[in-house]
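Written out below as structure tokens is the structure these notes cover.
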Amino acid sequence: MLLGTFELIYPFSDMFWGSVFCDFGNVWADEWGWDPGELNASLGVGLQIDLKMLPIRVDYGFPVKTEEEHLDSGGQFHFSLGRSF
């Protein structure tokens, strides 16, 4: 398995943050059979509202390179509450 993320975050204020990101990765059955040319990649934008006790984040990502046909079904929203560790 190979996974990665690049993200640029911009604070609009103390409470609102915007971001742009690129996620990439793939999983191979053979530990020596991996090929970096087979990575899947997506781009996206996000908005975070920092309520101190409960940050709320909404992201929208869409595929730009897929190795599997079922992964190229269009963009998707991701919603999260709370902090990640």
Side-chain angles (χ1 to χ4, degrees):
M1 176 171 61
L2 176 64
L3 300 172
T5 299
F6 293 106
E7 183 173 23
L8 296 172
I9 301 171
Y10 181 79
F12 294 116
S13 69
D14 288 341
M15 193 170 158
F16 294 98
W17 300 68
S19 64
V20 293
F21 60 87
C22 174
D23 295 329
F24 57 90
N26 205 344
V27 177
W28 294 270
D30 179 18
E31 66 268 14
W32 299 107
W34 64 281
D35 179 3
E38 295 176 350
L39 289 175
N40 300 298
S42 64
L43 297 174
V45 295
L47 177 65
Q48 179 174 330
I49 303 170
D50 192 2
L51 300 176
K52 302 298 181 204
M53 297 301 286
L54 184 68
I56 300 169
R57 183 167 177 152
V58 177
D59 294 312
Y60 180 77
F62 54 93
V64 293
K65 180 182 180 295
T66 58
E67 289 297 312
E68 301 291 329
E69 203 171 298
H70 72 280
L71 297 174
D72 197 16
S73 61
Q76 293 187 359
F77 280 100
H78 181 263
F79 178 78
S80 63
L81 292 171
R83 304 216 181 270
S84 47
F85 299 95

Return yes when atom CZ of Phe79 has more than 12 non-hydrogen atoms of other residues, nucleotides or ligands closer than 6.0 Å, and no otherwise.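 Enclosed: over 12 neighbouring heavy atoms sit under 6.0 Å from CZ of Phe79.
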Taking all heavy atoms of [X] and all of [Y], pick out the closest pair and write down the distance.
{"X": "Leu54", "Y": "Leu51", "value": "O-CB, 3.4 Å"}
{"X": "Pro55", "Y": "Asp50", "value": "CB-OD1, 4.1 Å"}
{"X": "Cys22", "Y": "Leu43", "value": "CB-CD2, 3.7 Å"}
{"X": "Ile9", "Y": "Trp17", "value": "CG2-CE3, 3.4 Å"}
{"X": "Pro63", "Y": "Thr66", "value": "CB-CG2, 3.7 Å"}

If Ile, Leu, Val, Met, Phe, Trp and Tyr residues are connected whenever their side-chain heavy atoms lie under 4.5 Å apart, and connections chain through other members, are [X] and [Y] in the same group?
{"X": "Ile56", "Y": "Phe77", "value": "yes"}
{"X": "Val64", "Y": "Leu3", "value": "no"}
{"X": "Met15", "Y": "Tyr10", "value": "yes"}

Spacing of [atom1] belonging to [X] relative to [atom2] belonging to [Y], to within rounding of 0.5 Å:
{"X": "Trp28", "Y": "Glu38", "atom1": "CH2", "atom2": "CD", "result": "6.5 Å"}
{"X": "Asp59", "Y": "Ser19", "atom1": "CG", "atom2": "OG", "result": "5.5 Å"}
{"X": "Ser42", "Y": "Phe21", "atom1": "OG", "atom2": "CZ", "result": "6.0 Å"}
{"X": "Met1", "Y": "Trp34", "atom1": "CE", "atom2": "CH2", "result": "14.0 Å"}

Would Ile49 and Phe16 count as a side-chain contact (heavy atoms from CB on, under 4.5 Å) here? Give the steps. CA-CA 5 Å; Ile49 303 170; Phe16 294 98; 3.5 Å; yes
With salt bridge (charged side-chain N to carboxylate O under 4.0 Å, His left out) as the rule and sequence neighbours excluded, what pairs involving residues 16-30 come up?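 Passing the test, one end in residues 16-30: no pairs.
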Salt bridge (charged side-chain N to carboxylate O under 4.0 Å, His left out) partners of residues 6-22, not counting sequence neighbours, each pair once: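 Applying salt bridge (charged side-chain N to carboxylate O under 4.0 Å, His left out) to every pair that reaches into residues 6-22, excluding sequence neighbours, yields Glu7-Arg57.
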Check: Asn40 main-chain N/O paired with Asn26 side-chain donor or acceptor under 3.5 Å: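 Not a single qualifying donor-acceptor pair exists.
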Check the pair Leu39 / Leu2 against side-chain contact (heavy atoms from CB on, under 4.5 Å), numbers first and verdict last. CA-CA 8 Å; Leu39 289 175; Leu2 176 64; 3.8 Å; yes
Contacts of type ring pair (Phe, Tyr, Trp, His ring centres under 6.0 Å), residue Phe62, not counting sequence neighbours: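 Per chain and number, Phe62 pairs via ring pair (Phe, Tyr, Trp, His ring centres under 6.0 Å) with no residue.
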